[in-house]
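Along the sequence shown, residues carry numbers from 1.
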Amino acid sequence: MLVRIGLLTDGGYPYASGESRLWCDRLVRGLAQHEFDLFALSRSAEQEARGWVQLPPQVSRVRTAPLWTADEETLGLHTPRGLLPRLLTGGGARTYGRRERRRFVTHFTALATSVCVAGATGGEQGGLRGADEGFAGQQPMDGRLQDARFTDGLYGLAELACEHGGLPAALRSETAVRILEAACRAPGTGRTVQTATVPDLLAFAAELDRVLRPLSLDWYDEEGLGAVDLCHAASGGAAALPGLLAKRFFGVPLLVTEHAVQLRAHYLAGSGTPVSAPVRALLANFHGRLATEVYRQAALVTPGNTHARRWQERCGAEPAKVRTVYPGMESGRFTALGESEDGGGPDTLVWVGRIEPAKDLIALLHAFAEVRRAEPDARLRIIGAAAQGPEGAAYLAHCRALAAQLFPDEAADAHAIGDSPVSFEGIGGAEVPDLAQAYAAGGVVVLSSVVEGFPISLVEAMFCGRATVSTDVGAVVEVIGGTGLVVPPRNPRALADACLALLRDPERRARLGAAARARALELFTVEQNLAAFRGIYLELIAQAPVRRQPARDADAGPRPFATPPEAHVLGLWPEPGDRPGPRPAARTPSWAVRVGAGARGAGDGDV
């Protein structure tokens, strides 16, 4: 049964680099019986310059738009088809008239008021505090009223954008800043928000312009998102915005998949940014309100693990609409190692991953110092590359220096594999030619993170049949399920004791490794992920109300699901012209077939 899926991405597929790229590609290729339209938002000019991955034939078309701004003189040449100048001017020569300005003031005031009020979901009452464990923000007494204001403002701005050529100029206008200032100073707002200065308001308005850019696109007509049977957002946040509008104006059901909850990612990123506290509070409130609306409107939400599910339910997702679907991973390249009886180096611990502060290699090195005192022949192999940017390189240098300090007399060269008890290695060399060989290098695989979502390296180690020692963060306990040892994070002593327990007990290592492999093959393969979404697609389509379709050319085939299956059953059925039409799933606004002057042309980026 053919289903036409509108796949919505933000900074990922079909670009050669980006989040969820591999998962989206496996999904599209694995469900070849369906047709996919891609609606992709890019994160930077660099990402667009790297191009797209090779797309399979079931991708019928691609529509793209940038979710970034840049100075026209420096990056204008990289801007796709001259879109940037039009966006920065809010749609070219067309400016808002008096009636449109009144509409903008009304809708933007509603949105700003809901965002600035104290206690918004994920706001000042803990939204940026304890982000990895969840937030303790409480809804105000009039929380439903503020949610209603947010949605009224959001959808009102969407209609205005599509009718009159985009929002960027209005969102960066003096009027917008004055509305934000009045909302921040109003009674009931939080203390932090009330201290916002004009530069803070300008910074927040610029971020709103970026996040709300999907409202100004030309995707919302019968040839765009109105033509799909189902919208599947590969993440929350900006990627889900087109899905919200497709549901509101065309009745298209929305499916939201989040392997890492966008709101949680925003909190973790926001705590380390140089922006001021009022801007962080306003952004937290906005993203909290947006997440609540996305989860409310979604027909189904599919988190990648229970840890993400808890975040979604705290943001207002109804438990009945949330279904955990583990992200599928390729197991074939680990088959030979997993089926072999090679237990790896019996005295060697292996850590595999991207070297960055969140992985807490400092605690691992201190733990290994304890292991080394108890077991003088033990070794630690750290296999991976530093995270991109100066922070990753600095952290790797710090780890190397600490290793040299902890083991000063054991090797003159801390980089040599045979001489030092600790080695830092990359994948692709003579010693570790591929990822499977990285896990084969030791008898115990260690994960020492203090922040983790879905632990990919842990699943890979399980595919390889390796016993593991992990810290209790993110979805680690859920993934391990009793097939490995788990200790508290930031506790080198506990980490060392667990590693020693497995190094000294080869039979236990073998039992845990076999159980881990069996669990990974049952739950975390690409095949189980595809089977889950194959069923979800058909389930959501079966539950969606019938939508009357526009007339098509005589040469074109019938549109899937345009005619109910019972119409083909023999018997006395009324003629199609005599049948009463179905109740419309949602109103179709007058602007649905128009293209905003500030959006891309209908053919831009099509494949």
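For F454, the ring pair (Phe, Tyr, Trp, His ring centres under 6.0 Å) test picks out F524, with sequence neighbours left out. Qualifying salt bridge (Lys or Arg N to Asp or Glu O under 4.0 Å) partners for R101, counting only residues two or more places apart in sequence or in other chains: none. Remark: E356 engages R354 in a salt bridge (Lys or Arg N to Asp or Glu O under 4.0 Å) (not counting sequence neighbours). Listed by chain and number, the residues in a ring pair (Phe, Tyr, Trp, His ring centres under 6.0 Å) with F104 are F108 (sequence neighbours excluded). Taking R103 as the reference, E163 meet the side-chain hydrogen bond (donor to acceptor under 3.5 Å, both in side chains) condition, with sequence neighbours excluded. Scored by the salt bridge (Lys or Arg N to Asp or Glu O under 4.0 Å) test, E318 finds no partners at all (sequence neighbours excluded).
From L241, atom CG reaches atom CG of L8 across 10.0 Å, with rounding to the nearest 0.5 Å. In this structure, E174 CD and L202 CG are separated by 10.0 Å, a value rounded to the nearest 0.5 Å. Distance NZ/K321 to CD/Q312: 11.5 Å, rounded to 0.5 Å. Interatomic distance, T64 OG1 to L38 CG, rounded to the nearest 0.5 Å: 10.5 Å. Summarising the geometry, atom CZ belonging to R310 is positioned 8.5 Å from atom CG belonging to N305; distances are rounded to the nearest 0.5 Å. Here the CG atom belonging to L540 is positioned 9.5 Å from the CG atom belonging to L254, to the nearest 0.5 angstrom.
Within the 3.5 Å criterion, the main-chain N or O of R4 finds a donor-acceptor partner in the side chain of D229. In this structure a side-chain-to-backbone donor-acceptor pair under 3.5 Å is missing from T189 to R185. E100 contributes a side-chain N or O that, together with a main-chain N or O of G97, makes up a donor-acceptor pair within less than 3.5 Å. Under the 3.5 Å distance criterion, the side-chain polar atoms of T292 are left unmatched by any main-chain donor or acceptor of G316. In this structure, the side chain of S216 does not engage the main chain of L212 through any donor-acceptor pair within 3.5 Å. Here the side chain of S44 pairs a donor or acceptor atom with the backbone of Q47 at under 3.5 angstrom. The backbone N or O of L300 lies less than 3.5 Å from no partner atom in the side chain of R323, so there is not a single donor-acceptor pair. Not one N or O on the side chain of D152 forms a donor-acceptor pair closer than 3.5 Å with the backbone of R149.
The distance between the ring centers of Y295 and W311 does not fall below 6.0 angstrom.
With contacts defined as side-chain heavy-atom distances shorter than 4.5 Å, the pair T257/S235 does not qualify. Using a 4.5 Å heavy-atom threshold, the side chains of H287 and V211 count as touching. Residues T302 and I536 have side chains in contact (heavy-atom distance under 4.5 Å, counting atoms from C-beta outward). Contact of the I541 side chain with the Y537 side chain is not registered, since no non-hydrogen atoms from C-beta on lie closer than 4.5 Å. Between T324 and E478 the shortest side-chain heavy-atom distance falls below 4.5 Å. Taking 4.5 Å as the limit, some side-chain heavy atom of E159 sits within range of a side-chain heavy atom of F249. The shortest distance between side-chain heavy atoms of E258 and P303 does not fall below 4.5 Å. Proximity of R21 to Y15: side-chain heavy atoms (C-beta onward) are nowhere separated by under 4.5 Å.
Heavy-atom minimum distance, G328 versus R26: O-NH1, 3.3 Å. For the pair Y220 and C162, the tightest heavy-atom approach, listed with the atom from each and the gap, is CD1-SG, 3.7 Å. Nearest approach of V252 to L225, heavy atoms of both residues: CG2-O, 3.7 Å. When all heavy atoms are compared, the tightest approach of C184 to V193 is SG-CG1, 3.5 Å. Minimum heavy-atom separation, P242 to W219: CG-CZ3, 3.8 Å. Residue H259 comes nearest to P327 through the heavy atom pair NE2-CB, 3.7 Å, listed as atom of the first residue, atom of the second, then distance.
With respect to E452 and K359, a salt bridge is recorded, a charged nitrogen being found less than 4.0 Å from a carboxylate O. Salt bridge annotation for D209-R213: present, with a cationic side-chain nitrogen under 4.0 angstrom from a carboxylate oxygen. No salt bridge links D37 with R63; every basic N to acidic carboxylate O contact stays at or beyond 4.0 Å. A salt bridge links E293 and R296; the closest N-O separation between the charged side-chain nitrogens and carboxylate oxygens is under 4.0 Å.
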Q. Does the pair L55 and W52 meet the rule for a side chain to side chain contact (heavy atoms under 4.5 Å, CB included), with working shown?
A. CA-CA 8 Å; L55 299 175; W52 298 350; 4.1 Å; yes

Q) After noting the C-alpha distance and the side-chain angles of R210 and W68, does the key distance pass the side chain to side chain contact (heavy atoms under 4.5 Å, CB included) rule? A) CA-CA 6 Å; R210 186 188 68 81; W68 48 274; 5.7 Å; no

Q: Take L22 and D25 through the side chain to side chain contact (heavy atoms under 4.5 Å, CB included) test and state the conclusion after the steps.
A: CA-CA 5 Å; L22 288 177; D25 192 57; 5.7 Å; no

Q: Let me see the working for Y155 and L245 under side chain to side chain contact (heavy atoms under 4.5 Å, CB included), right down to the final yes or no.
A: CA-CA 8 Å; Y155 296 124; L245 299 191; 3.7 Å; yes

Q) Under the ring pair (Phe, Tyr, Trp, His ring centres under 6.0 Å) criterion, do F36 and H232 qualify, and how do the steps go? A) CA-CA 10 Å; F36 287 85; H232 187 175; 8.4 Å; no

Q: Apply the test side chain to side chain donor-acceptor pair (under 3.5 Å) to residues S276 and D200: give CA-CA distance (whole Å), side-chain angles for both, the deciding distance (0.1 Å), then the verdict.
A: CA-CA 7 Å; S276 65; D200 294 331; 2.7 Å; yes

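Summarising the local packing, CZ of R490 is surrounded by 12 or fewer heavy atoms from other residues, nucleotides or ligands at distances under 6.0 Å. Heavy-atom neighbours of L31 CG from other residues, nucleotides or ligands within 6.0 Å: above the threshold of 12.
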